[in-house]
Amino acid sequence: MTEQPGVVVTGVSGRMGQMLVREILAHDKLRLVGALERAGHDWVGRDLGEAMGAAALGIAVSDDALEVFAKAQAVIDFTAPAATVEFAALAAQARAVHVIGTTGMTEEDLQKIHVAARHAVIVRAGNMSLGVNLLTQVTKQVAAALDADWDIEIIEAHHNRKVDAPSGTALMLGEAAAEGRGVDLDEVSDRGRDGITGARKKGDIGFHAVRGGDIVGEHEVLFATGGERISIKHMASDRSLFARGALKAALWGQDKAPGEYDMLDVLGLKG
Ligand SMILES: NC(=O)c1ccc[n+]([C@@H]2O[C@H](COP(=O)([O-])OP(=O)(O)OC[C@H]3O[C@@H](n4cnc5c(N)ncnc54)[C@H](O)[C@@H]3O)[C@@H](O)[C@H]2O)c1
Ligand SMILES: O=C(O)C1=N[C@H](C(=O)O)CCC1
């Protein structure tokens with residue numbers, strides 16, 4: 001029997017990092033082989049289980065990405081853009097599947113990830129849940145069926161610790177709407193109106209970000225025209241669904257050719 005793929009979790013003390021550790025420990029086809037945190041973090045050098053307030057796991061939290069990635073068949077990464085760009089090159093060097101959940105990346109960051117994907121499998125998505133990925137397909141279909149007399153607005157809500165806006169999910173939904181309508185999102189995107197903005201420009205796709213409390217993640221795509229509205233929503237109430245999606249991607253990527261993939265590939269939803 002082939003050995004179960006070994007996984008390293010980066011940003012292991014974070015909201016998603018800890019959720020990923022719990023899900024991997026409960027998984028029957030993956031094993032946890034390493035845990036990474038940023039240099040200077042007080043978890044570095046400690047046993048991961050004890051740092052999480054549980055029994056020892058025999059895995060010390062490291063700040064040396066190169067060393068821990070060498071032991072891994074997959075790296076699951078929900079951290080920050082600068083870290084993710086660095087990890088993409090190192091995971092490719094280790095020929096490990098790199099599952100990227102990090103959002104807020106610039107075009108320049110994405111270009112570097114593209115380069116790393118020449119040598120290894122990278123699966124990246126602003127949202128790893130089945131529901132949201134399905135919602136992108138529905139959004140694309142609805143946008144394709146409606147003309148520009150229908151205004152499209154994307155409203156998202158997240159917890160008060162989130163650092164990027166619009167959310168990665170909102171951008172995925174915006175891309176899907178733009179694709180359905182046959183336009184370039186960069187040319188029609190209207191983010192966070194404020195002040196005397198003038199009337200809404202026909203064809204724009206609007207983005208609005210709510211931040212508060214412990215909201216896990218809520219997204220609405222609103223199509224509005226004279227006399228009627230269509231609203232499609234996704235509500236996440238538990239981060240474990242993002243973690244489970246990431247684990248699915250780590251397994252799925254094991255036998256794939258180097259390249260960039262997303263959750264539509266993993267979930268078989270590409271159409
Ligand atoms: N794609 C999805 O489904 C999905 C779901 C949830 C969150 N996210 C994204 O994941 C990212 C993290 O979210 P979070 O809520 O867990 O944030 P968080 O702030 O709780 O955790 C991020 C962790 O990364 C660590 N980190 C930062 N730089 C590092 C480095 N150089 N090396 C190692 N560790 C480093 C931080 O110390 C922190 O522990 C965000 O970009 C968020 O938008 C994506
Ligand atoms: O908590 C976060 O941060 C989330 N980020 C992703 C996004 O930016 O869309 C997914 C939902 C949770």
Side-chain angles (χ1 to χ4, degrees), residues 8-23 34-44 46 48 51-52 61-69 75-91 98-106 109 122-133 135-136 154-176 207 209-221 234-250 262-264 266-267:
V8 165
V9 174
T10 63
V12 76
S13 79
R15 280 173 289 274
M16 281 305 300
Q18 295 194 51
M19 185 58 80
L20 284 158
V21 168
R22 283 186 217 105
E23 291 293 330
L36 194 76
E37 251 306 335
R38 63 182 159 73
H41 192 282
D42 61 7
W43 282 27
V44 173
R46 293 180 63 194
L48 174 61
M52 288 176 67
V61 178
S62 171
D63 60 5
D64 185 341
L66 197 56
E67 186 198 47
V68 284
F69 289 5
V75 172
I76 305 188
D77 178 16
F78 287 66
T79 53
T84 292
V85 166
E86 184 193 331
F87 297 157
L90 297 176
H98 189 192
V99 179
I100 301 176
T102 307
T103 58
M105 279 187 282
T106 61
D109 295 333
I122 294 184
V123 182
R124 185 180 69 84
N127 195 304
M128 302 271 170
S129 81
L130 170 62
V132 158
N133 282 277
L135 187 62
T136 62
I154 297 168
I155 305 119
E156 51 109 336
H158 286 88
H159 54 92
N160 59 20
R161 313 300 296 170
K162 185 159 180 64
V163 297
D164 56 310
S167 68
T169 312
L171 292 171
M172 281 167 67
L173 293 165
E175 288 289 354
F207 290 88
V210 174
R211 295 289 176 265
D214 60 357
I215 303 170
V216 173
E218 300 179 1
H219 293 86
E220 176 184 9
V221 185
H234 180 268
M235 326 268 276
S237 49
D238 182 349
R239 280 185 184 85
S240 65
L241 85 158
F242 307 133
R244 286 197 300 273
L247 267 49
K248 198 180 276 242
D262 60 24
M263 282 307 283
L264 295 176
V266 174
L267 298 167

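In listed order, ligands and their atoms are each counted from 1.
For ligand 1, the polar-atom distance check finds no N/O of Ala80 at less than 3.5 Å from any of the ligand's N/O atoms. The distance criterion of under 3.5 Å between nitrogen or oxygen atoms is not met by Arg239 with respect to ligand 1. For His159, no nitrogen or oxygen atom sits less than 3.5 Å from a nitrogen or oxygen atom of ligand 1, counting backbone and side chain alike. Note: an N/O pair closer than 3.5 Å links Gly126 and ligand 1 by distance alone. The shortest N or O to N or O distance between Gly17 and ligand 1 is not below 3.5 Å.
When all heavy atoms are compared, the tightest approach of Arg211 to Ala165 is NH2-CB, 3.5 Å. Closest approach of Ala236 and Leu241 over heavy atoms only: CB-CD2, 4.0 Å. Across every non-hydrogen atom of His98 and Phe87, the tightest pair is CE1-C, 3.8 Å. Closest of all the heavy-atom pairs between Ala91 and Val75 is CB-CG2, 4.2 Å. Residue Ala249 comes nearest to Met263 through the heavy atom pair CB-SD, 4.0 Å, listed as atom of the first residue, atom of the second, then distance. Heavy atoms only, all atoms of each residue included: Ala246 and Leu20 are closest at CB-CD2, 4.0 Å.
A 4.5 Å side-chain heavy-atom check between Val8 and Ile76 finds every atom pair outside the cut-off. In this structure, the side chains of His219 and Leu173 come closer than 4.5 Å at one or more pairs of heavy atoms. Arg244 is not listed as a side-chain neighbour of Ser129, based on a closest heavy-atom distance of 4.5 Å or more. Within the 4.5 Å cutoff, the side chain of Met19 has heavy atoms near those of the Asp238 side chain. Side-chain contact between Leu267 and Leu130: present, with at least one pair of heavy atoms (C-beta onward) separated by less than 4.5 Å.
Met128 N, 2.9 Å is the protein heavy atom nearest to atom 3 (O) of ligand 1. The protein atom (non-hydrogen) at minimum distance from atom 39 (O) of ligand 1 is Glu37 OE2, 2.5 Å. Protein heavy atom in closest approach to atom 1 (N) of ligand 1: Ala125 O, 2.9 Å. Of the protein's non-hydrogen atoms, His158 NE2, 3.3 Å is the one closest to atom 11 (C) of ligand 2. Closest protein heavy atom to atom 43 (O) of ligand 1: Thr103 OG1, 2.6 Å. The shortest contact between atom 11 (C) of ligand 1 and any protein heavy atom is with Thr79 O, 3.4 Å. Looking from atom 6 (C) of ligand 2 to the surrounding protein, the closest heavy atom is Gly126 O, 3.5 Å. From the protein, the heavy atom lying nearest to atom 3 (O) of ligand 2 is Lys162 NZ, 2.9 Å. Remark: minimum distance from atom 9 (C) of ligand 1 to any protein heavy atom is reached at Gly101 O, 3.4 Å. Scanning the protein heavy atoms around atom 4 (C) of ligand 1, the nearest turns out to be Phe78 CE2, 3.3 Å. Protein heavy atom nearest atom 7 (C) of ligand 1, with residue, atom name and distance: Met16 CG, 3.7 Å. Protein heavy atom in closest approach to atom 9 (O) of ligand 2: Thr169 OG1, 2.4 Å.
Heavy atoms of Lys162 come nearer than 4.0 angstrom to ligand 1 in at least one pair. Not a single heavy atom of Gly104 sits closer than 4.0 Å to an atom of ligand 1. Ligand 2 lies less than 4.0 angstrom from a heavy atom belonging to His159. Ligand 2 has at least one atom lying under 4.0 Å from a heavy atom of Ser167. Under the 4.0 angstrom criterion for non-hydrogen atoms, Thr10 is not in contact with ligand 1. Heavy-atom separations between Val132 and ligand 2 are all 4.0 Å or longer. Ligand 1 has at least one atom lying under 4.0 Å from a heavy atom of Ser13.
Residue contacts with ligand 1, taken as heavy atom pairs separated by less than 4.0 Å, do not involve Ser167 at all.
When each atom of ligand 1 is checked for a heavy atom of Ala83 under 4.0 Å away, the hits are 28 (N), 29 (C), 30 (C), 31 (N). Those atoms of ligand 1 that come under 4.0 Å of a heavy atom in Thr102, given as number and element, are 41 (O). Annotation for ligand 2: atoms under 4.0 Å from non-hydrogen atoms of Val216 are 12 (C). Of all the atoms in ligand 1, the ones that sit under 4.0 Å from a non-hydrogen atom of Gly14 are 20 (O), 21 (O), 39 (O). In summary, the atoms of ligand 1 found under 4.0 Å from a heavy atom of Gly11, numbered by their order in the structure, are 23 (C), 24 (O), 25 (C), 34 (N), 39 (O). Each of the atoms 30 (C), 32 (N), 33 (C) of ligand 1 lies under 4.0 Å from some heavy atom of Phe87. Interface of Thr103 with ligand 2, defined as ligand atoms under 4.0 Å from a residue heavy atom, comprises 7 (C), 8 (O).
Across Arg161, Arg15, Glu86, Met263, heavy-atom proximity to atom 18 (P) of ligand 1 is greatest for Arg15. When Gly101, Gly14, Gly168 are checked for heavy-atom proximity to atom 7 (C) of ligand 2, Gly168 turns out nearest.
The CE atom of Met172 lies 11.5 Å from the OG1 atom of Thr103; values are rounded to the nearest 0.5 Å. Atoms OG and CD, on Ser167 and Glu156 in that order, are 3.5 Å from each other to the nearest 0.5 Å.
Remark: the backbone N or O of Glu67 is not paired with any side-chain donor or acceptor of Ser62 at under 3.5 angstrom. Checking side-chain atoms of Glu220 against main-chain N and O of Ile155 turns up no donor-acceptor pair under 3.5 Å.
Residues Phe242 and Phe78 keep their aromatic ring centres 6.0 Å or farther apart.
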**Request:** For the pair Thr79 and Thr84, evaluate side-chain hydrogen bond (donor to acceptor under 3.5 Å, both in side chains) and give the outcome as yes or no after the intermediate values.
**Result:** CA-CA 7 Å; Thr79 53; Thr84 292; 3.2 Å; yes

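Enclosure of atom NZ in Lys248 is not indicated, since only 12 or fewer non-hydrogen atoms of other residues, nucleotides or ligands lie within 6.0 angstrom.
Side-chain contact annotation: Asn133 with Thr136, donor-acceptor N/O pair under 3.5 Å absent.
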